[in-house]
Number of protein chains: 2
Amino acid sequence: MDFVGTALADVTMPQISPLAGEPIDRADAERLAGVLKALADPARLRLLSLIQSAPEGEACVCDLTAPLGLSQPTVSHHLRILTEAGLLEREKRGVWAFYRIVPSAIGTIADLLTPPRKRATKKAPR
Amino acid sequence: MDFVGTALADVTMPQISPLAGEPIDRADAERLAGVLKALADPARLRLLSLIQSAPEGEACVCDLTAPLGLSQPTVSHHLRILTEAGLLEREKRGVWAFYRIVPSAIGTIADLLTPPRKRATKKAPR
DNA sequence: CTGCGATATGCAGGCGGGTCGATGCTGTTG
DNA sequence: CAACAGCATCGACCCGCCTGCATATCGCAG
């Protein structure tokens with residue numbers, strides 16, 4: 001799959017809003033599904049959570065293997081997927097590779113799922 | 001898997017917020033991942049979109065097979081997964097089975113993903 | 001009661017994905 | 001320079017999932 005990598009970007013640019021108004025086309029569906037696939041894994045959700053709650057909001061691989069209970073190659077694998085999905089950013093300092101959550105990434109996905117911003121389920125404050 | 005079926009319910013009750021504060025535990029991660037897995041498929045995203053944009057906000061299987069380009073059994077299969085995930089509700093009227101989106105389902109998931117956003121999410125009209 | 005249309009379920013094939021061990025690369029340390 | 005630590009990549013195994021075909025089930029019409 002190569003839609004991964006710029007997945008979030010491609011999905012973000014056009015405001016597709018899958019559950020919004022009109023049916024989404026195959027291409028948009030695949031792009032959004034690609035990003036959601038990156039999220040739809042226990043290990044990766046925990047990785048995001050761990051990184052997010054880390055001291056500086058960043059963590060290196062060696063700090064993540066133990067809490068997850070997975071091998072180092074596996075953790076690197078998951079971090080790679082999350083990074084290619086646009087959810088994480090990598091910064092190599094010395095021997096370590098620090099991962100950090102892309103600030104607006106998750107929020108963007110959440111927004112894509114909640115299109116009826118205005119006509120919300122039950123809020124007509126007036 | 002049996003976390004499916006009440007997946008969304010289990011995930012909704014406790015405000016887990018995967019990306020919120022502290023690391024989520026394995027159980028919550030698996031539950032949320034289960035719901036996200038249901039969403040992370042092009043066919044199912046399009047199904048949700050099609051149903052949502054249908055006349056009465058509901059559609060039967062026979063109306064969905066053609067637009068999706070998938071066989072009837074396959075469509076039923078996807079609808080089953082979405083229903084068990086708590087995203088769709090099924091109502092059988094006569095020979096047909098009408099599917100409808102559970103109103104707050106998607107919104108709930110979106111909220112679970114956007115906790116870091118100021119907790120202003122809950123408004124106390126006062 | 002019999003036949004037909006709409007769905008659901010069972011079964012099987014094929015592909016993608018998660019995991020680990022081994023290995024290669026790079027930068028640090030002695 | 002040599003030895004070592006942190007990560008990424010490779011190859012392989014195995015399980016789960018998407019899909020379609022065939023079949024069973026349910027409801028309605030004649």
Side-chain angles (χ1 to χ4, degrees), chain A residues 1-5 7 26 29-31 33-48 50-51 54 58-85 87-100, chain B residues 1-5 7 26 29-30 33-48 50-51 54 58-85 88-100:
Chain A
M1 288 77 261
D2 49 312
F3 64 88
V4 183
R26 284 180 172 76
E30 293 218 13
R31 277 193 282 267
V35 180
L36 288 176
K37 269 184 204 293
L39 271 179
D41 182 276
R44 290 195 283 270
L45 284 176
R46 297 186 65 207
L47 274 176
L48 290 175
L50 284 170
I51 294 175
E58 62 181 16
C60 59
V61 182
C62 56
D63 293 334
L64 299 170
T65 38
L68 268 187
L70 295 175
S71 69
Q72 174 267 316
T74 299
V75 172
S76 281
H77 168 70
H78 287 307
L79 291 172
R80 181 179 187 275
I81 292 183
L82 288 170
T83 302
E84 288 180 337
L87 299 172
L88 286 182
E89 55 187 9
R90 192 183 98 121
E91 180 193 354
K92 187 160 189 181
R93 292 205 299 268
V95 187
W96 300 278
F98 289 88
Y99 287 85
R100 183 177 316 176
Chain B
M1 287 75 255
D2 48 314
F3 63 86
V4 184
R26 283 179 172 77
E30 291 217 13
V35 181
L36 288 176
K37 270 183 201 295
L39 270 179
D41 182 275
R44 292 196 281 270
L45 284 176
R46 296 187 64 208
L47 275 175
L48 290 174
L50 283 170
I51 294 175
E58 63 181 15
C60 61
V61 181
C62 56
D63 293 334
L64 300 170
T65 38
L68 268 187
L70 296 176
S71 69
Q72 173 267 316
T74 299
V75 172
S76 282
H77 167 71
H78 286 308
L79 291 173
R80 181 179 187 277
I81 292 183
L82 288 171
T83 303
E84 288 179 337
L88 286 182
E89 54 188 8
R90 192 183 97 122
E91 179 191 356
K92 188 160 188 181
R93 293 203 299 268
V95 188
W96 299 279
F98 289 88
Y99 288 85
R100 184 177 315 172

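All values derive from a computational prediction rather than experimental measurement. Below, chain A is the first sequence line, B the second, and so on; all start at residue 1.
The distance from the CG atom of Leu50(B) to the CG atom of Asp63(B) is 10.0 Å, given to the nearest 0.5 Å. The CG atom of Leu68(B) sits 10.0 Å away from the OG1 atom of Thr74(B) when rounded to the nearest 0.5 Å. Put simply, NZ on Lys37(A) and CG on Leu36(B) are 12.0 Å apart, with the number rounded to the nearest 0.5 Å.
Of the listed nucleotides (dG18(C), dC7(D), dC18(D)), dG18(C) has the atom at the smallest distance from the side chain of Asp41(A).
The two residues Ile51(A) and Arg100(A) have their closest heavy-atom pair at CG2-CA, 4.0 Å. Here the closest heavy-atom approach between residue Leu82(B) and residue Ala38(B) is recorded as CD2-O, 3.7 Å. Closest non-hydrogen pair, Cys60(B) versus Phe98(B), comes out as N-CD2, 4.1 Å.
Taking every heavy atom of residues 58-72 of chain B and every atom of DNA chain D, pairs under 4.0 Å involve Leu70(B), Ser71(B), by number.
Nucleotide dG16(C) holds its P atom 14 Å from the CD1 atom of Ile81(A), rounded to whole Å. One atom, CG of Leu88(A), and another, C1' of dA8(D), lie 16 Å apart when rounded to the nearest Å. Between Glu84(A) atom CD and dG17(C) atom P there is a gap of 11 Å when expressed in whole angstrom units. In this structure, Leu36(B) atom CG and dG17(C) atom P are separated by 16 Å, rounded to whole Å. Between the P atom of dC15(C) and the NZ atom of Lys37(A) lies a distance of 16 Å, rounded to the nearest Å. Between the CD atom of Glu91(B) and the P atom of dA8(C) there is a distance of 13 Å, given to the nearest Å. Between His78(A) atom NE2 and dT9(D) atom P there is a gap of 15 Å when expressed in whole angstrom units.
Ranked by how close their nearest DNA chain D nucleotide is to the 5' end, Val75(A) and Arg93(B) are led by Val75(A).
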Each nucleotide of nucleotides 24-30 of chain C classed B (base within 4.0 Å of a protein heavy atom), S (only sugar-phosphate) or -, in 5' to 3' order, makes ---SS--
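For Arg26(B), there are no side chain to side chain donor-acceptor pair (under 3.5 Å) partners, not counting sequence neighbours.
For Thr74(A) and dT19(C), the shortest distance from a side-chain N or O to OP1 or OP2 is not below 4.0 Å. Residue Arg90(A) places none of its side-chain N or O atoms closer than 4.0 Å to OP1 or OP2 of dC7(D). Contact annotation: Arg80(B) side-chain N/O to dT9(C) OP1/OP2 distance is under 4.0 Å. Between Tyr99(B) and dA6(C) there is no side-chain N or O to OP1 or OP2 distance below 4.0 Å.
Side-chain atoms of Arg90(A) do not come within 3.5 Å of backbone N or O of Arg80(A) as any donor-acceptor pair. Checking side-chain atoms of Arg46(B) against main-chain N and O of Pro67(B) turns up a donor-acceptor pair under 3.5 Å.
Counting non-hydrogen atoms under 4.0 angstrom, His77(B) reaches a base of the nucleic acid. Here Phe98(A) lies out of heavy-atom contact (under 4.0 Å) with every strand.
Exactly one of Leu47(B), Leu48(B), Leu45(B), Leu64(B) qualifies for a side chain to side chain contact (heavy atoms under 4.5 Å, CB included) with His78(B). That residue is Leu47(B).
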